[in-house]
Amino acid sequence: MQTHDTLFTPTEAAVLTGLSLKAVNNAIDRNTVEAVPGEEGGRMLDARALVSLSIERRLSASIATPELRRKVFDALSDGPRNVVSLEGGLIKIDLRQPRRDLAASMRDLRRARRMVVSDPEILGGDPVFRGTRVPVHLIAELVAQGSKPAELIESYPRLTAEMIRLAPVYATAYPLRGPKRKLPWRDRQPVRRGRRKLDAITVS
């Protein structure tokens with residue numbers, strides 16, 4: 001699902017705020033942030049909800065009660081302020097750093113979307129990096145397994161360091177639908193290894 005101009009899916013919100021998807025859905029279920037119906041169904045969040053979720057990630061569990069979370073969300077509707085004051089001034093929340101972090105996360109997600117395409121003629125429509133046939137979710141999985149950028153670029157020369165950095169961002173925000181497919185040759189040992197000089201190889 002594509003991101004709307006001002007609305008985000010819970011999965012996108014989790015990536016942008018650094019919370020787990022479960023935490024985002026819990027915030028919606030408990031009405032500590034407000035969600036609106038999406039055009040294709042499901043629940044969507046606006047930028048105000050994202051700021052509230054970003055603040056929630058920074059609050060300790062003893063302070064971030066559902067009531068306080070709702071007050072934070074309501075206070076954000078009063079207009080752009082640098083500091084939110086709650087409980088008669090006993091609690092003050094600086095909004096500047098959460099907003100900066102959120103803006104940086106949004107730039108990364110927009111950049112990741114721009115460098116990814118889905119074409120039914122390429123790998124059955126699986127998302128690949130633009131101008132390549134390299135699946136984004138494959139690279140994200142390899143990064144999660146500990147592969148280094150230099151190793152990945154050696155194996156996939158058309159990748160860039162930025163593609164590798166943003167692959168997990170895209171893959172987490174837009175997980176593949178349906179059962180996870182397994183490549184038939186995965187986890188199998190090569191049938192035979194060997195080296196030959198290039199000039200010794202003939203082409204029939």
Side-chain angles (χ1 to χ4, degrees), residues 1-116 127 136-137 140-141 143-144 161-177:
M1 180 183 294
Q2 295 299 315
T3 304
H4 298 246
D5 289 340
T6 56
L7 295 178
F8 306 86
T9 66
T11 308
E12 291 170 325
V15 171
L16 292 170
T17 61
L19 290 170
S20 67
L21 179 58
K22 180 179 179 180
V24 172
N25 282 320
N26 283 343
I28 298 172
D29 293 339
R30 296 172 181 172
N31 201 32
T32 57
V33 295
E34 183 178 326
V36 298
E39 293 179 0
E40 302 176 13
R43 306 181 292 186
M44 307 292 288
L45 299 165
D46 62 12
R48 179 169 58 123
L50 294 189
V51 174
S52 181
L53 290 170
S54 296
I55 294 169
E56 179 174 330
R57 184 171 63 85
R58 292 167 167 80
L59 296 176
S60 68
S62 60
I63 295 177
T65 62
E67 293 77 15
L68 178 60
R69 293 167 185 163
R70 280 190 285 271
K71 288 179 180 179
V72 170
F73 182 76
D74 292 340
L76 292 173
S77 64
D78 293 339
R81 293 183 292 169
N82 288 331
V83 177
V84 166
S85 181
L86 302 171
E87 304 298 322
L90 294 176
I91 299 176
K92 292 186 177 180
I93 302 173
D94 192 330
L95 302 177
R96 288 171 292 187
Q97 190 59 49
R99 283 175 174 154
R100 283 194 291 265
D101 292 345
L102 192 56
S105 296
M106 286 182 177
R107 285 194 296 271
D108 277 350
L109 185 58
R110 285 194 296 266
R111 178 62 179 157
R113 289 204 312 271
R114 284 196 295 267
M115 63 174 54
V116 173
V136 181
H137 291 81
E141 183 178 348
V143 169
E162 186 177 30
M163 289 176 178
I164 295 168
R165 180 179 71 85
L166 294 179
V169 174
Y170 185 93
T172 304
Y174 309 104
L176 291 174
R177 296 182 178 181

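One-based numbering along the sequence shown. Values in this document were obtained by computation on a predicted structure and should not be read as measured data.
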Measure across [X] and [Y] and return the closest heavy-atom pair with its distance rounded to 0.1 Å.
| X | Y | answer |
| --- | --- | --- |
| Y174 | R113 | OH-CD, 3.1 Å |
| S52 | T32 | OG-O, 4.3 Å |
| P127 | L176 | CD-CD2, 3.8 Å |
| T11 | T172 | CG2-O, 3.1 Å |
| L102 | S54 | CD1-OG, 3.9 Å |

Report yes if the side chains of [X] and [Y] come closer than 4.5 Å at any heavy-atom pair, otherwise no.
| X | Y | answer |
| --- | --- | --- |
| D29 | R43 | yes |
| T9 | M44 | yes |
| D46 | V36 | no |

Rounded to the nearest 0.5 Å, how far does [atom2] of [Y] lie from [atom1] of [X]?
| X | Y | atom1 | atom2 | result |
| --- | --- | --- | --- | --- |
| I28 | E34 | CD1 | CD | 11.0 Å |
| R107 | R110 | CZ | CZ | 7.5 Å |
| N25 | R30 | CG | CZ | 11.5 Å |

Original post:
Looking at D101, V169, L109, which one forms a side-chain contact (heavy atoms from CB on, under 4.5 Å) with L16?
Top reply: L109
**OP:** Measure from the side-chain N and O atoms of T17 to the backbone N and O of L50, and report whether any donor-acceptor pair falls under 3.5 Å.
**Re:** no
Subject >> Residue pair R165, D108: steps toward the side chain to side chain contact (heavy atoms under 4.5 Å, CB included) verdict >> reply: CA-CA 9 Å; R165 180 179 71 85; D108 277 350; 3.1 Å; yes
Subject >> Listed partners of E162 passing side chain to side chain donor-acceptor pair (under 3.5 Å), at least two apart >> reply: R111
